[in-house]
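Only one structure is covered here, and it is reproduced in the block below.
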Amino acid sequence: DLFINGSYNSLMIIPSYFSFIGWCGVPVFVFLSGYGLSKKYNDKPIDIGKYIKHSYLKLLVMILPAAILYFSYNLINGNIWWVSRNIFALSFLNNLIAGIGGSFASSIAPPYWYLGMTFQLYLFFVIARKMNDIQLLWGAAFLMVPIFLIPSIDDNTMILGWLRRNSFGWMPLFLYGCDCGRKNVVCNFSVITNVGLLIVSTLFVVCSNR
């Protein structure tokens with residue numbers, strides 16, 4: 001978005017910066033999702049119907065205020081096509097047809113792809129909680145292979161874009177989070193260690209995007 005027709009677009013610096021920072025936080029939230037779900041549900045039975053309903057409504061409450069605002073604005077301006085195109089996003093399944101579903105794969109707003117991906121992770125947890133520790137770790141390792149290989153065979157990054165907007169691309173982290181939550185793994189680092197890790201991580205992020 002920083003470039004339009006080959007020209008530098010200075011107006012997009014701030015939005016692009018926050019978009020970049022947002023992507024950096026996704027792995028953290030995916031890991032914590034797996035960790036938190038394991039801590040909450042591993043030691044008790046799940047009523048799958050109630051669990052899915054609870055997970056869906058929790059995400060719907062988060063998106064509903066913005067959805068009402070966007071839908072109302074477009075209805076007032078007579079943009080019925082936008083409303084009909086984006087109503088499917090309230091199912092949180094629109095990410096699955098991104099790249100193959102045309103305009104009906106749209107999110108209500110760009111950042112809300114994350115909610116669809118999260119809903120997929122919630123659904124997959126029903127399976128993950130039945131996996132033993134070895135299966136979780138081997139599953140995470142196995143899924144990392146195609147994720148690393150795809151950038152070298154996908155010149156137009158369409159596949160990679162689909163992976164990062166769906167649970168498959170984040171599944172290794174999610175499964176690792178599930179495993180840590182199941183084992184009650186807690187990392188109590190000192191302030192100096194945390195600052196050091198922050199500096200090193202920041203350097204890796206900056207260098208990887210040069």
Side-chain angles (χ1 to χ4, degrees), residues 16 18-42 46 51-52 54-56 58-60 62-63 88-101 105-154 156-183 185 187 197-198 201-202 204-206 208-209:
S16 295
F18 282 104
S19 176
F20 175 74
I21 294 299
W23 276 106
C24 292
V26 172
V28 177
F29 286 107
V30 170
F31 174 86
L32 291 177
S33 293
Y35 187 92
L37 287 170
S38 282
K39 295 285 289 182
K40 183 176 182 179
Y41 291 110
N42 260 334
I46 290 181
Y51 166 78
I52 293 176
H54 172 75
S55 300
Y56 174 79
K58 180 167 60 175
L59 295 173
L60 185 63
M62 294 174 62
I63 199 177
F88 182 62
L90 294 179
S91 70
F92 300 117
L93 299 176
N94 54 305
N95 291 356
L96 292 171
I97 59 174
I100 59 175
S106 301
S107 295
I108 293 173
Y112 294 147
W113 67 268
Y114 179 81
L115 298 180
M117 186 269 290
T118 301
F119 187 55
Q120 294 174 29
L121 292 177
Y122 286 161
L123 296 178
F124 185 80
F125 179 73
V126 175
I127 299 173
R129 69 187 297 270
K130 296 182 180 297
M131 300 166 65
N132 59 40
D133 297 346
I134 298 299
Q135 290 172 333
L136 284 176
L137 293 177
W138 274 106
F142 176 78
L143 288 169
M144 288 179 69
V145 175
I147 292 172
F148 279 111
L149 289 178
I150 283 172
S152 63
I153 62 176
D154 179 29
N156 61 9
T157 69
M158 183 181 72
I159 299 175
L160 194 61
W162 185 88
L163 287 175
R164 71 176 185 172
R165 286 176 172 79
N166 286 280
S167 58
F168 186 89
W170 304 97
M171 199 60 73
L173 270 175
F174 180 73
L175 292 178
Y176 183 57
C178 290
D179 187 60
C180 289
R182 184 180 296 179
K183 295 176 179 176
V185 175
C187 298
L197 288 172
L198 176 62
S201 299
T202 302
F204 274 123
V205 168
V206 173
S208 66
N209 285 273

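Just so it is clear, the model here is predicted, and its values are computed rather than measured.
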What is the ring orientation for Phe31 with Tyr176, classed by angle as parallel under 30°, tilted 30 to 60°, or perpendicular over 60°?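 Answer is tilted, since the angle falls between 30° and 60°.
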Geometric class of the Tyr56/Phe92 ring pair [parallel <30°, tilted 30-60°, perpendicular >60°]: perpendicular
Can you find a side-chain donor-acceptor pair between Asn166 and Gln120 that sits under 3.5 Å? yes
Heavy-atom closest contact ([X] atom, [Y] atom, distance):
| X | Y | answer |
| --- | --- | --- |
| Met117 | Arg165 | CB-O, 3.8 Å |
| Ala140 | Leu175 | N-CD1, 3.6 Å |
| Gln135 | Lys130 | OE1-O, 4.3 Å |

Between [atom1] of [X] and [atom2] of [Y], what distance do you get to the nearest 0.5 Å?
| X | Y | atom1 | atom2 | value |
| --- | --- | --- | --- | --- |
| Met131 | Phe125 | CE | CZ | 11.5 Å |
| Lys58 | Leu115 | NZ | CG | 11.5 Å |
| Trp170 | Tyr114 | CH2 | OH | 9.0 Å |
| Leu96 | Ser167 | CG | OG | 7.5 Å |
| Asn42 | Arg182 | CG | CZ | 5.0 Å |

Using side-chain heavy atoms (C-beta onward) and a distance below 4.5 Å, is [X] in contact with [Y]?
| X | Y | answer |
| --- | --- | --- |
| Leu60 | Leu90 | yes |
| Phe124 | Leu121 | no |
| Asn94 | Trp113 | no |
| Ser33 | Phe174 | yes |

Using the side chain to side chain contact (heavy atoms under 4.5 Å, CB included) rule, take Met171 and Phe168 through it: C-alpha gap first, then chi angles, then the decisive distance, then the call. CA-CA 5 Å; Met171 199 60 73; Phe168 186 89; 5.6 Å; no
Looking only at atom types and distance, does a side-chain atom of [X] sit under 3.5 Å from a main-chain N or O of [Y], one as donor and one as acceptor?
| X | Y | value |
| --- | --- | --- |
| Ser38 | Tyr35 | no |
| Asp179 | Leu136 | no |
| Tyr51 | Tyr122 | yes |

